K.L.:
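This is the structure, below, for whatever I ask next.
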There are 2 protein chains.
Amino acid sequence: MGTTQPEAVPEPKYWHLKTVIGEALDSDFAVGEILPNERELAARFGVARATLRQALEQLELEGRLQRRRGVGTTVAPPRMGVDVSTAQHAWPGTGEDVWQSLDSATDVPPAAVARQLDTEPDEPVHVVRRLRVSQGQPVAAELLYVPFGSVPGRSAADALTGPVRARAVLRELQQLALDGQDRSVELGSARADDAKELDRLPGAPVLVVTTRYLSEGRTAAVSVATYRADTCRLTFGDSGDLVMAS
Amino acid sequence: MGTTQPEAVPEPKYWHLKTVIGEALDSDFAVGEILPNERELAARFGVARATLRQALEQLELEGRLQRRRGVGTTVAPPRMGVDVSTAQHAWPGTGEDVWQSLDSATDVPPAAVARQLDTEPDEPVHVVRRLRVSQGQPVAAELLYVPFGSVPGRSAADALTGPVRARAVLRELQQLALDGQDRSVELGSARADDAKELDRLPGAPVLVVTTRYLSEGRTAAVSVATYRADTCRLTFGDSGDLVMAS
DNA sequence: AAGTGGTCTAGACCACTGA
DNA sequence: CAGTGGTCTAGACCACTTA
């Protein structure tokens, strides 16, 4: 006697909490509403704050909550769909201006990028920084790596600075014939500078979209775009008519 | 006097730790090698275990480490590229068998899926479970929701069970003309059952790939595939010849 | 200045793995 | 069984926002 549940699998407290709070979010809270603070929530559920925080972290990771230091925890709106489809196989900067050019410099790319560009590990390239804004919110920061070989009129850009220079590099890049591109998506954590741009803390989860632009059998440029994973759902409109989800 | 650094921005310890360990991983460790255990690492760096764990969590999120309870922490191999390209606009189950059918049942889909299928919130549909294995490792668990309206010969499947039934539903689905599909990728955390299938703990970060299959102006099926975010890099071969990365 | 979330500590115990 | 990572506690202090 006394053996109550022979198969009682002890579900972690934070996991159970996450479920409970998640359900409460659906039924008792409106988007934008602020939750009680962490100390009060922890007390209310009878757990340590660290445990409560583990549950909130999960919910934030899933895009259900938004936490801001000094402010509080609010109920997040549904993730916005952000189109990352290939879009008529265009060079960056050709379509509508969802991307905002920040500046450009010459720098040595990370080893992984140099490998894709097929440049020497210590060979400098153009690095164009761009920011993607959607619904008034920054959603992605991009670093576009362009080898000198891809932009013939290089000297023209060197004299410029800021957005003007960035646009000059893009314009030169667009002269090339674009054969195609391939793309990959993976999970990452925001580097310090990206985090700042995206209004998040360093280490925040991001979706890293790497695009390789191919021209005349070579890799003409590589784009590494980091999207806020908490607020974005990447959409690939492979076909037909897409509806605007609310 | 005494003011050493007027602008000293206090970088969090765990963030600094992450950098240090990350660099050590590159230089001093081989893939598969086991790290010292957490208590020893924490002592070595002079921090509490919780802080050390925060750094390890980040590295695991980035796919650099793999931690297994009861075993230890090992250096993870580079993420494997997993092709999720539309692949000749095919129905699920038509291409090569990267997917392994597990079983099928009829169940009420989640509200979000019902909305995409345009079925009533409480209307049951076929739910086919499949598992994607790559390089001997489970990389994704899929739930494929198929409304009864999409599979005419429904009664045939009802008598069957297990993989046989799953394949029967897929076969019937393939009778339809596929007009197109659209797809989205977002960050999620593994549900308990998916986690088991993927050999991870519940809540592990996953990339959720949602595909809507369109036929004759309707949504004929919806697939929700959860990929292990730690081990997978999703690739979209938009064009041309892809090289097999090691 | 008050209140919020973010970081950190030093412990404890549990669940799982493998010899 | 010993050793690992996973969970949890009860505190403390810090950085940031707002008023």
Side-chain angles (χ1 to χ4, degrees), chain A residues 5-19 21 33-61 65-76 189-190 192 195-196 199-205 230, chain B residues 5-19 21 33-61 65-76 189-190 192 195-196 199-205 230:
Chain A
Q5 311 245 37
E7 288 295 344
V9 180
E11 186 178 51
K13 276 189 190 176
Y14 77 90
W15 185 257
H16 181 242
L17 261 185
K18 186 201 123 176
T19 310
I21 298 178
E33 199 169 344
I34 40 187
L35 269 61
N37 71 55
E38 297 184 348
R39 288 160 179 89
E40 170 160 349
L41 278 177
R44 190 178 299 186
F45 288 109
V47 299
R49 181 154 80 109
T51 306
L52 186 267
R53 277 180 61 81
Q54 218 173 335
L56 295 186
E57 257 149 45
Q58 285 262 353
L59 289 167
E60 190 178 32
L61 199 77
L65 289 180
Q66 184 158 6
R67 299 193 289 174
R68 272 174 306 171
R69 171 156 48 177
V71 180
T73 302
T74 57
V75 180
S189 47
K196 199 171 197 176
D199 195 29
R200 299 256 58 199
L201 290 176
D230 55 343
Chain B
Q5 313 242 36
E7 288 294 344
V9 179
E11 187 178 50
K13 275 190 191 177
Y14 78 91
W15 185 257
H16 181 241
L17 260 185
K18 187 201 123 177
T19 310
I21 299 177
E33 198 169 346
I34 41 185
L35 269 61
N37 71 56
E38 297 184 349
R39 289 161 180 86
E40 171 158 350
L41 279 177
R44 190 178 299 186
F45 288 108
V47 298
R49 180 151 82 110
T51 306
L52 185 268
R53 278 179 62 80
Q54 219 174 332
L56 296 186
E57 257 150 46
Q58 286 262 353
L59 289 166
E60 190 178 31
L61 199 78
L65 289 180
Q66 185 157 7
R67 300 192 288 174
R68 272 173 305 170
R69 170 154 48 177
V71 180
T73 302
T74 57
V75 180
S189 47
K196 199 172 197 175
D199 194 28
R200 300 256 56 199
L201 290 176
D230 56 343

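Below, chains carry the letters A, B, ... as their sequence lines are ordered, and counting in each starts from 1. Computed from a predicted model, the values in this text were never measured in an experiment.
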K.L.:
Measure from the side chain of B:Pro12, starting at C-beta and using heavy atoms only, and say which of D:dA15, C:dT17, C:dT7 lies closest.
P.N.:
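The answer is C:dT7, which lies nearest to the side chain.
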K.L.:
Give the rounded distance in Å between these two atoms: CG of A:Leu65 and P of C:dG5.
P.N.:
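The distance from CG of A:Leu65 to P of C:dG5 comes to 11 Å, rounded to the nearest Å.
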K.L.:
Starting from the 5' end of DNA chain D, give me the residue, A:Gly70 or B:Gly72, whose nearest nucleotide shows up first.
P.N.:
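Its nearest nucleotide being more 5', the pick is B:Gly72.
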K.L.:
At less than 4.0 Å, is any side-chain N or O atom of B:Asn37 found next to OP1 or OP2 of D:dG3? Yes or no.
P.N.:
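No.
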K.L.:
Take atom CH2 of B:Trp15 and atom C1' of D:dA15, then tell me their distance rounded to the nearest Å.
P.N.:
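It works out to 17 Å between those atoms.
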K.L.:
Please tell me if A:Tyr14 has a side-chain N or O lying less than 4.0 Å from either OP1 or OP2 of D:dC8.
P.N.:
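Negative; the distance criterion is not met.
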K.L.:
To the nearest Å, how far apart are A:Arg200 CZ and C:dG6 C1'?
P.N.:
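It works out to 12 Å between those atoms.
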K.L.:
Taking atom P of C:dC14 as reference, at what distance in whole Å does atom NZ of A:Lys13 sit?
P.N.:
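Rounded to whole Å, this separation is 12 Å.
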K.L.:
What is the separation between atom CD on A:Glu60 and atom C1' on C:dG6, rounded to the nearest whole Å?
P.N.:
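Atom-to-atom, A:Glu60 to C:dG6, this comes out as 11 Å.
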K.L.:
Just compare D:dT7, C:dG6, C:dT17 and give me whichever is closest to any side-chain atom of B:Arg53.
P.N.:
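Nucleotide nearest to B:Arg53's side chain: D:dT7.
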K.L.:
Find the distance B:Leu56:CG to D:dT7:P and express it as a whole number of Å.
P.N.:
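B:Leu56 atom CG is separated from D:dT7 atom P by 14 Å.
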K.L.:
Tell me whether the OP1 or OP2 atom of D:dT9 has a side-chain N or O from A:Thr51 closer than 4.0 Å.
P.N.:
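Indeed, a polar side-chain atom of A:Thr51 lies that close.
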K.L.:
Can you measure B:Gln54 atom CD to C:dT9 atom P for me and round it to whole angstrom units?
P.N.:
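Spelled out: CD on B:Gln54 to P on C:dT9 is 10 Å.
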K.L.:
Report yes or no: is there a donor-acceptor pair, N or O only, under 3.5 Å between the side chain of A:Arg39 and the base of C:dG5?
P.N.:
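Answer yes: a donor N or O sits under 3.5 Å from an acceptor.
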K.L.:
Please report the distance, rounded to the nearest Å, between CZ in A:Arg69 and P in D:dC16.
P.N.:
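Checked: the CZ to P distance equals 5 Å.
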K.L.:
Under 4.5 Å between any side-chain heavy atoms of A:Pro205 and A:Leu61, yes or no?
P.N.:
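The answer is yes, as the side chains (C-beta and beyond) meet within the 4.5 Å cut-off.
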K.L.:
Any donor-acceptor pair under 3.5 Å joining the side chain of A:Arg49 to the base of C:dG6?
P.N.:
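Looking at the base of C:dG6, it does pair with a donor or acceptor on the side chain of A:Arg49 (distance under 3.5 Å).
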K.L.:
Below 4.5 Å, heavy atoms only, C-beta onward: do B:Leu35 and B:Leu41 meet side chain to side chain?
P.N.:
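Answer yes - side chains close enough.
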K.L.:
Report yes if a side-chain nitrogen or oxygen of A:Thr73 is closer than 4.0 Å to either non-bridging phosphate oxygen (OP1 or OP2) of C:dG5; otherwise report no.
P.N.:
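For C:dG5, OP1 or OP2 has a side-chain N or O of A:Thr73 closer than 4.0 Å.
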K.L.:
Does atom CZ of B:Arg68 have more than 12 heavy-atom neighbours from other groups under 6.0 Å away?
P.N.:
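No, because the 6.0 Å sphere around CZ of B:Arg68 holds 12 heavy atoms or fewer from other groups.
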K.L.:
Salt bridge check, A:Arg200 against A:Glu60: does any charged N sit closer than 4.0 Å to a carboxylate O?
P.N.:
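A:Arg200 and A:Glu60: salt-bridged.
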K.L.:
Would you call B:Glu38 and B:Arg67 a salt bridge, taking side-chain N to carboxylate O under 4.0 Å as the test?
P.N.:
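Yes.
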K.L.:
Between B:Arg68 and C:dT17, is there a contact of a side-chain N or O with OP1 or OP2 at under 4.0 Å?
P.N.:
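So the side chain of B:Arg68 is outside the cut-off, no N or O lying under 4.0 Å from OP1 or OP2 of C:dT17.
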